[in-house]
Amino acid sequence: MKNKATPMPFYLVSLMLLLPIALGAQEAAAFFQQNCASCHTIGGGRLTGPDLKNVTQRKDREWLIRFMVNPKGMIDSGDPYAQQILEEARGVVMPAVPGLTPETAASLLDLIEEESKLPESAFKGLQITDRPFTQREIELGRQMFTGDRGLTSGSPACISCHTMKGLGGLGGGRLGPDLTRVYERLQGRQGLGAWLTAPATPTMGPLFRRYPLQQDEVLPLIAYFEHSAQQGGQDTSVALLNFFFLALGGTAVALISFDAIWKWRFRAVRAPLAQGGRPRGET
Amino acid sequence: MTNTQSYFDPLLFAVLPYVVFFTFFLVTIQRYRTRTFTYSSLSSQFLENQRHFWSLVPFHYGILVVLAGHVVAFLFPRELLLFNSRPLRLYILEVSALIFGLLTVVGLTAAVVRRIREPKIRRVTSTSDWVLFALLLFQVASGVYVAVFHPWGSSWFAASVSPYLWSLVKLNPDFSTIAAMPLAVKLHIVNAYVVIGFMPFTRLVHVLVVPNPYLWRKPQVVRWYRRPGTMAASKG
């Protein structure tokens with residue numbers, strides 16, 4: 001629809017980069033794992049988003065495809081079923097999935113239908129223990145967050161982009177959101193576990209597809225996030241101010257040093273020229 | 001907003017880089033062959049030497065270190081991430097980087113003020129110089145903004161921006177890792193391309209022929225001999 005007014009070259013470039021073709025069963029499964037499994041299971045219960053088992057029986061395919069391709073648009077249009085989905089997800093809007101064309105959406109629905117028929121789907125989600133986490137696990141998670149303990153795949157530590165309350169020092173990064181209460185936002189261990197297995201946001205997705213977290217790394221991170229959410233609150237901007245003023249102080253020191261290092265610099269430059277450039281002999 | 005941004009993304013992050021690099025190479029070579037003696041930063045030190053120091057020195061040392069940081073993150077992303085794996089090292093690196101970023105801002109601002117406030121300097125400032133100043137000011141200001149409000153850039157550059165830049169080198173542009181970056185980061189990247197594309201038309205070409213001993217050599221005194229009454233003739 002939008003493309004009607006699109007200049008041809010832009011359209012062609014976009015088209016070349018986003019090849020909208022239907023996926024085979026294996027590709028659909030891989031796509032689901034990378035883009036959907038962080039919020040949805042098939043028969044494993046609700047995570048951030050609803051359990052998709054038999055979803056095609058709850059709503060017609062045409063509606064589902066429209067929603068999948070443009071979730072925010074459907075919610076904004078005031079569609080009652082989209083509103084209900086939003087309410088059940090406690091206001092979390094499903095993000096637009098890069099590369100999810102109507103053709104891909106149809107392939108995904110085929111996959112969901114097939115998986116719904118199975119007694120146990122491959123996408124029923126991660127089963128995570130209910131027992132209380134140990135102090136050691138929480139500490140391990142904290143070390144993974146800060147980078148003190150490197151992640152096996154070589155992916156960057158969480159602190160690169162995220163902050164948490166009580167991190168100390170100059171805090172964590174702020175490219176992504178504060179994760180102090182992410183445990184609550186993603187609705188507990190199951191939701192968080194699924195998310196960490198295949199982070200699906202546009203920033204984390206492409207990165208963690210290359211460097212996925214290992215199963216045994218997910219548990220300590222959940223432990224740390226759960227512990228942090230229990231403490232409550234969120235990180236303040238104090239660390240950010242400290243960072244800025246530290247650098248500002250350093251800049252002042254550097255400027256003073258420059259002045260000292262070049263204290264013998266030539267200062268008095270050709271006064272007659274600088275004061276008007278009149279030829280010599282005139283005043 | 002997201003739709004508009006993603007609509008222009010292929011153009012800005014997959015097409016523009018090649019356009020500016022081709023412009024850069026072709027025009028710098030052509031200019032060197034046809035107008036060799038314009039390859040200069042056109043020193044104005046002999047016209048004004050008080051404010052000059054406070055623009056020249058902080059700007060150049062600042063920008064050289066900051067640019068070197070970007071190059072290291074591009075060439076050695078894994079090693080950089082490994083270095084940053086201790087929070088203390090990460091903090092020291094980031095504070096140092098921001099210091100040099102701020103020095104760049106101080107130097108560039110001083111340079112612009114000097115050019116505006118000194119009539120002699122204003123007279124030797126061309127339109128392309130003003131455009132260049134605007135582009136550079138935007139570039140370093142957005143860089144400092146990103147450093148302060150979206151830390152820790154040294155890590156996420158290595159993780160997300162390096163793969164994108166390498167995809168450009170490999171002629172297989174993949175901007176998925178930066179597609180969802182905050183607007184300030186995207187503007188910083190796009191403006192960097194604009195600066196590179198505009199560079200061969202400006203005095204910035206001096207970086208390609210910079211006499212490196214500038215960085216450590218002793219100050220050199222330029223003497224100005226002129227016979228009375230030749231001011232008008234020597235202008236231009």
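Order of the sequence lines sets the chain letters (A, B, ...), proteins ahead of strands, with each chain counted from 1. Below, each value reflects all heavy atoms present in this structure, side chains not excepted, and no hydrogens, waters or symmetry copies.
The number of heavy-atom neighbours closer than 6.0 Å to CZ of Arg66(A), taken from other residues, nucleotides and ligands shown, is above 12. Within a 6.0 Å sphere centred on CD of Gln214(A), other residues, nucleotides and ligands contribute more than 12 heavy atoms. For Tyr18(B), the OH atom counts as densely surrounded, since its 6.0 Å shell holds more than 12 non-hydrogen atoms of other residues, nucleotides or ligands. No more than 12 heavy atoms of other residues, nucleotides or ligands lie within 6.0 Å of CZ in Arg117(B), so this atom counts as exposed by the packing criterion.
Ranked by non-hydrogen atom pairs under 4.5 Å with chain A, the options Gly62(B), Ser154(B), Ala180(B), Ala97(B) are led by Ala180(B). Note on Leu103(B), Leu88(B), Asp174(B): by heavy-atom pairs under 4.5 Å with chain A, the leading option is Leu103(B). The candidate with the highest count of non-hydrogen atom pairs below 4.5 Å against chain B, out of Cys161(A), Gly171(A), Pro202(A), is Gly171(A). With respect to chain A, the highest number of heavy-atom pairs below 4.5 Å among Val144(B), Leu90(B), Ile178(B), Val57(B) belongs to Val57(B). Per-residue heavy-atom pair counts under 4.5 Å with chain B were compared for Gly172(A), Ser237(A), Gly205(A), and the maximum is reached by Gly172(A).
Relative ring orientation between Phe243(A) and Trp152(B) is described as perpendicular, the plane-to-plane angle rising above 60° on a 0-90° scale split at 30° and 60°. Ring-plane geometry between Tyr61(B) and Phe258(A) is classed as tilted, the angle between the planes lying from 30 to 60 degrees on a 0 to 90 degree scale.
Once rounded to the nearest 0.5 Å, the distance linking CD of Gln143(A) with OG of Ser85(B) reads 12.0 Å.
Both the backbone and the side chain of Leu175(A) come within less than 4.5 Å of a heavy atom in chain B. If you measure heavy-atom distances from Leu81(B) to chain A, the contacts under 4.5 Å come from the side chain alone. Of the atoms belonging to Arg210(A), it is side-chain heavy atoms, and not backbone ones, that fall under 4.5 Å from chain B. The contact between Ala147(B) and chain A is made entirely by backbone atoms, counting heavy-atom distances below 4.5 Å. Interface residue Val106(B): only side-chain heavy atoms are found under 4.5 Å from chain A. Within the 4.5 angstrom heavy-atom criterion, no atom of Leu167(A) approaches chain B. Interface remark: Glu94(B) contributes backbone and side-chain atoms alike to the contact with chain A (heavy atom separation under 4.5 Å).
A salt bridge between Arg89(B) and Asp148(A) is absent, with no side-chain N of the basic residue lying under 4.0 Å from a carboxylate O of the acidic one.
The shortest distance between side-chain heavy atoms of Leu246(A) and Ile99(B) does not fall below 4.5 Å. Taking 4.5 Å as the limit, some side-chain heavy atom of Trp54(B) sits within range of a side-chain heavy atom of Leu255(A). Side-chain atoms of Thr251(A) and Phe100(B), non-hydrogen and from C-beta on, never get closer than 4.5 Å to each other.
Listed here is the closest heavy atom pair of Ile159(A) and Tyr91(B): CD1-OH, 3.9 Å. Taking all atoms of both residues into account, the shortest heavy-atom contact from Val148(B) to Phe244(A) is CG2-CD1, 3.7 Å. Annotation for His150(B) and Arg174(A): closest pair ND1-O, 3.4 Å, computed over non-hydrogen atoms.
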(request) Give the intermediate values and the outcome of side-chain contact (heavy atoms from CB on, under 4.5 Å) for residues Ser160(A) and Asn84(B). (result) CA-CA 9 Å; Ser160(A) 309; Asn84(B) 283 349; over 6 Å; no

